[in-house]
Amino acid sequence: MAPYYSTMNLKSRFAPSPTGFLHLGNARTALFAWLAARSTQGCFVLRLEDTDQERSTALYEHALLEDLRWLGLDWDEGPDHGGGHGPYRQMERQSIYGDYFARLQTAGRAYPCYCSADELAAERAVQRGAGKPPRYSGRCRHLDAGARAQREAAGLRPTLRFRVPDHGTVVVPDLVWGERHYALADLGDFVIRRSDGSPAFFFANAVDDALMEVNLVLRGEDHLSNTPRQILVLQALDLPIPAYGHLPLLLGADGQPLSKRYGAISLRDLQHHGYLPAAIRNYLARLGHHYTATGFLNRVALAQGFSLTQISRAPGHFDPEQLRHWQREALQSLDDAAIWTWLTPWLRDKVPMGQEIAFVAAVRANMVLPADALDWAERCFAVPLADAEAIQTIAAAPQGFWSAAQATLRAAGGDYRLWTKTLQKESGQRGKALFMPLRAALTGLTHGPELAVLLPLIGEGRAQTRLQAAAQLT
Ligand SMILES: Nc1ncnc2c1ncn2[C@@H]1O[C@H](COP(=O)(O)OP(=O)(O)OP(=O)(O)O)[C@@H](O)[C@H]1O
Ligand SMILES: [Zn+2]
């Protein structure tokens with residue numbers, strides 16, 4: 001089957017349910033669909049699948065839009081600004097579904113099923129007992145008008161089932177997995193409208209894609225087994241069938257797919273820890289997609305380098321170290337002022353006014369997250385906590401070293417080069433033996449940014465206090 005999209009008319013979508021905060025798995029699926037559209041002259045649609053009324057909330061809906069925007073994704077059609085194919089919330093599309101349910105019923109492709117949950121469970125148990133895969137037997141297929149009226153009169157509220165042809169196969173082409181064939185006899189008639197009148201996922205999702213003219217569906221592999229049913233529905237309604245690509249799921253440390261339901265780490269959590277959207281984009285774009293470029297890419301370059309042929313089938317594991325790597329890369333792509341803007345919510349009153357940019361310039365190579373910057377702000381402008389290694393280094397300095405350090409700093413008027421040069425002469429210490437104790441006393445650590453750039457931030461007053469404290473340690 002030739003795809004009905006081209007680089008000129010590609011239309012992809014992200015269709016989440018507003019039932020929780022977006023996690024990295026959702027975000028990657030959204031990102032790939034967005035990249036597919038942006039790598040061409042395509043169009044990207046956001047549709048909210050809010051038919052699970054118990055779990056869908058306005059709060060999650062709001063958060064979902066906010067998080068996608070934060071991640072840097074934009075959409076051409078969606079619930080917040082419309083488009084030519086709305087509404088974009090499924091609960092607002094009930095009358096459209098009603099029309100298509102009626103068409104299927106009229107054509108004899110769907111029928112009401114009055115079986116209770118208990119009856120269905122019993123049926124499945126018998127099938128399992130006989131070693132057969134459980135599926136609906138089709139027993140309500142042949143109810144006549146009288147039998148239906150009787151059940152309605154008894155107050156039974158039916159589901160609507162799609163009637164799957166008894167013979168034949170359905171072919172599911174997939175951009176990632178290749179072509180798959182499903183025997184229709186194995187599918188069983190499936191529910192397309194629940195007994196409360198709401199549309200089942202299979203139905204609303206497929207009909208909406210067709211009506212919204214979505215021609216490329218990139219979604220998680222969890223939907224792979226739904227696809228044959230969705231193709232059947234579309235064929236029965238004579239609606240266009242999109243190209244499908246099922247992306248391997250993103251797994252957590254426990255090997256299970258990340259899921260809203262099970263509280264996977266959310267985009268919001270990462271945002272609150274200070275991860276940059278550009279870091280998350282670079283991390284996720286490479287998770288299951290090969291880029292020739294190995295370095296940091298901005299949004300345009302990510303889109304330009306994206307190709308459906310480069311999606312891999314291997315499941316991705318969430319790797320916090322890789323995310324930190326891209327956080328480092330994303331940070332280094334920013335200038336000092338932009339880094340300060342990013343840090344402001346965490347460091348607002350921790351860095352003296354006027355020293356913000358100098359502070360960023362000094363410590364930017366030594367941080368990944370705002371927590372690291374906060375630690376350096378404390379080491380520069382408050383009281384540094386010394387670690388065990390630093391205490392040992394301080395204590396190991398030779399006799400008279402600390403008083404010489406204090407005197408020479410005073411004489412040098414805070415000039416770092418002059419200070420260390422004269423201290424070297426006076427103490428006889430050089431190289432590591434000179435700089436390590438100074439670093440340990442001034443910052444409380446034996447590693448970190450250049451002392452020469454830290455000293456002006458620490459200032460002569462605080463430096464003297466710290467040298468004095470070091471003297472008392474020995
Ligand atoms: N772990 C995952 N990795 C990659 N994509 C995922 C993952 N989980 C869900 N998706 C995809 O995200 C999109 C939105 O799915 P949905 O809103 O149902 O999220 P969910 O996390 O599966 O939620 P729930 O836990 O409520 O089922 C779908 O395309 C789905 O396939
Ligand atoms: Zn039935």
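We count residues from 1, following the sequence as given. For ligands, and for the atoms within them, numbers begin at 1 and follow the listed sequence.
Listed by number with element, the atoms of ligand 1 under 4.0 angstrom from any heavy atom of Thr19 are 26 (O). Those atoms of ligand 1 with a heavy atom of Gly220 less than 4.0 angstrom away are 29 (O), 30 (C), 31 (O). Close approach of ligand 1 to Asp222 (heavy-atom distance below 4.0 Å) involves ligand atoms 30 (C), 31 (O). The Arg55 neighbourhood of ligand 1 comprises atoms 26 (O), with distances under 4.0 Å to a heavy atom of that residue. Listed by number with element, the atoms of ligand 1 under 4.0 Å from a non-hydrogen atom of Thr29 are 4 (C), 5 (N), 6 (C), 11 (C), 29 (O).
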* Output, in order, the C-alpha distance, side-chain angles, deciding distance and verdict of ring pair (Phe, Tyr, Trp, His ring centres under 6.0 Å) for Phe359 and Phe381. => CA-CA 10 Å; Phe359 170 73; Phe381 309 113; 5.7 Å; yes
* To do: I would like to know whether Phe306 and Phe32 meet ring pair (Phe, Tyr, Trp, His ring centres under 6.0 Å); could you show each step before the answer?
  => CA-CA 8 Å; Phe306 184 83; Phe32 277 32; 5.5 Å; yes
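Between Arg364 and Asp336 there is a salt bridge, since at least one side-chain N of the basic residue sits less than 4.0 Å from a carboxylate O of the acidic one. The residues Arg135 and Asp186 are annotated as not salt-bridged, no charged nitrogen and carboxylate oxygen being separated by less than 4.0 angstrom. Salt-bridge formation is not detected for the pair Lys11/Asp209: no Lys NZ or Arg NE/NH1/NH2 atom is positioned less than 4.0 Å from an Asp or Glu carboxylate oxygen. Ion pairing between a basic and an acidic side chain is recognised when a charged N comes within 4.0 Å of a carboxylate O; Glu221 and Arg313 show no such pairing.
For ligand 1, the polar-atom distance check finds an N/O of Ser259 within less than 3.5 Å of one of the ligand's N/O atoms. For a threshold of 3.5 Å applied to N or O pairs, the pair formed by Asn26 and ligand 1 contains at least one separation below that value. At under 3.5 Å, a nitrogen or oxygen of Leu250, whether backbone or side chain, sits near a nitrogen or oxygen of ligand 1. In terms of N/O distances under 3.5 Å, ligand 1 is not approached by Pro16. Checked against a 3.5 angstrom limit, the closest N/O atoms of Arg219 and ligand 1 fall outside it. Polar contact with ligand 1: present for Leu258 (N/O pair, distance under 3.5 Å). Between Leu249 and ligand 1, a contact under 3.5 Å exists for no N or O pair.
The number of heavy atoms from other shown groups lying within 6.0 Å of CD (Gln332) is above 12.
For the pair His23 and ligand 1, a heavy-atom separation below 4.0 Å is found. Contact analysis puts Ser17 in contact with ligand 1, with a non-hydrogen atom separation below 4.0 angstrom.
The proximity of Glu221 to ligand 1, defined as any non-hydrogen pair under 4.0 Å, does not occur for either the backbone or the side chain.
Taking backbone and side-chain atoms together, Tyr136 has an N/O/S atom less than 2.8 Å away from the Zn ion (ligand 2).
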